[in-house]
Amino acid sequence: MKERTRINRDFFDRDVLDVAPDLLGKRIVITGNVSNPSGYTITETEAYRGEDDLACHASKGRTGRTATMYRHGGVLYVYLVYGMHWMLNIVTGSPGEPQAVLIRGVEGISGPGRLTRAMEIDKKHNGLDLCTSPLIWLEDCKTVKTFQTTPRIGIDYAGPVWKSKPWRFVVVDF
DNA sequence: GTAACGATCCTC
DNA sequence: AGGATCGTTACA
């Protein structure tokens, strides 16, 4: 797939609560994986926002794994959960501000573990920059007509306050 | 070194 | 409802 207009740094260097809904309808283009189509339109996202957010990995401070989240917007944060599923996240905000958007669904595929399997994304994509990498980038695709917000999934450990934040964004229709 | 725990998915 | 499965983390 040919590169059209790559979305630039300004888009990602904003607060995660602004970026997460704006990612809906954008298309992730990934090259180099021959076995599957390479364009994936985002339909579902979740925001993880700073050290105060008990659902965010950075709530325990800066560690080897979470260091990626402290980088500038547009960097990919990829990690393994439950010993078998790679999660694809896009870092947002200014450098030093640990925020990221979990890509939870793309068109035709729901579930964050299933989309990374389809896209063949794993540890080697951690730290790649969507603004400069020749392998992967983001471009405009569809305009979202309506979307809805719900609490985030799978974060019971975060306590009632953070668990109830409506920081999951789902496309209703394009 | 050792143990506990997941930002999930699939199959009972 | 429960099992798979392993990198990260915290603590001794």
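Below, read A as the first sequence line, B as the second, and so on, with proteins coming before strands; counting in each chain starts at 1. Remember, it's a predicted structure, so these values are computed and weren't measured experimentally.
One finds a side-chain N or O of A:Arg114 lying less than 4.0 angstrom from the OP1 or OP2 phosphate oxygen of B:dC10.
For DNA chain C, the residues of residues 81-102 of chain A within the heavy-atom distance limit of 4.0 Å (strictly under) are A:Tyr82, A:Gly83, A:Met84, sorted by number.
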Should A:Val78 and A:Thr116 be marked as a side-chain contact (heavy atoms from CB on, under 4.5 Å) after you check the CA-CA gap, both sets of side-chain angles, and the distance that decides it?
CA-CA 10 Å; A:Val78 181; A:Thr116 52; 5.9 Å; no

From CA spacing to verdict: ring pair (Phe, Tyr, Trp, His ring centres under 6.0 Å), A:Tyr79, A:His57
CA-CA 11 Å; A:Tyr79 67 91; A:His57 288 166; 4.6 Å; yes

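Inspection of the A:Arg27 and A:Thr41 side chains reveals no N or O donor paired with an N or O acceptor under 3.5 Å. No side-chain donor from either of A:Gln99 and A:Tyr77 sits under 3.5 Å from a side-chain acceptor of the other. Between the side chains of A:Thr146 and A:Asp173, at least one donor N or O sits under 3.5 Å from an acceptor N or O.
Base-pair partner of C:dA1: B:dT11 (Watson-Crick or G-U wobble, both distances under 3.5 Å).
A:Tyr79 has its OH atom 15 Å from the C1' atom of C:dC6, to the nearest Å.
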Using a cutoff of under 3.5 Å, can you pull out all pairs of nitrogen or oxygen atoms linking the protein to nucleotides 9-12 of chain C, with atom names and distances?
| unit_1 | atom_1 | unit_2 | atom_2 | d |
| --- | --- | --- | --- | --- |
| C:dT9 | OP1 | A:Thr63 | OG1 | 2.1 |
| C:dT9 | OP1 | A:Arg65 | N | 3.4 |

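The aromatic ring of A:Tyr48 is stacked on the base of B:dA7, with the two ring centres less than 5.5 Å apart and the planes inclined by under 30°.
For A:Lys142, the salt bridge (charged side-chain N to carboxylate O under 4.0 Å, His left out) criterion is met by A:Glu107, not counting sequence neighbours.
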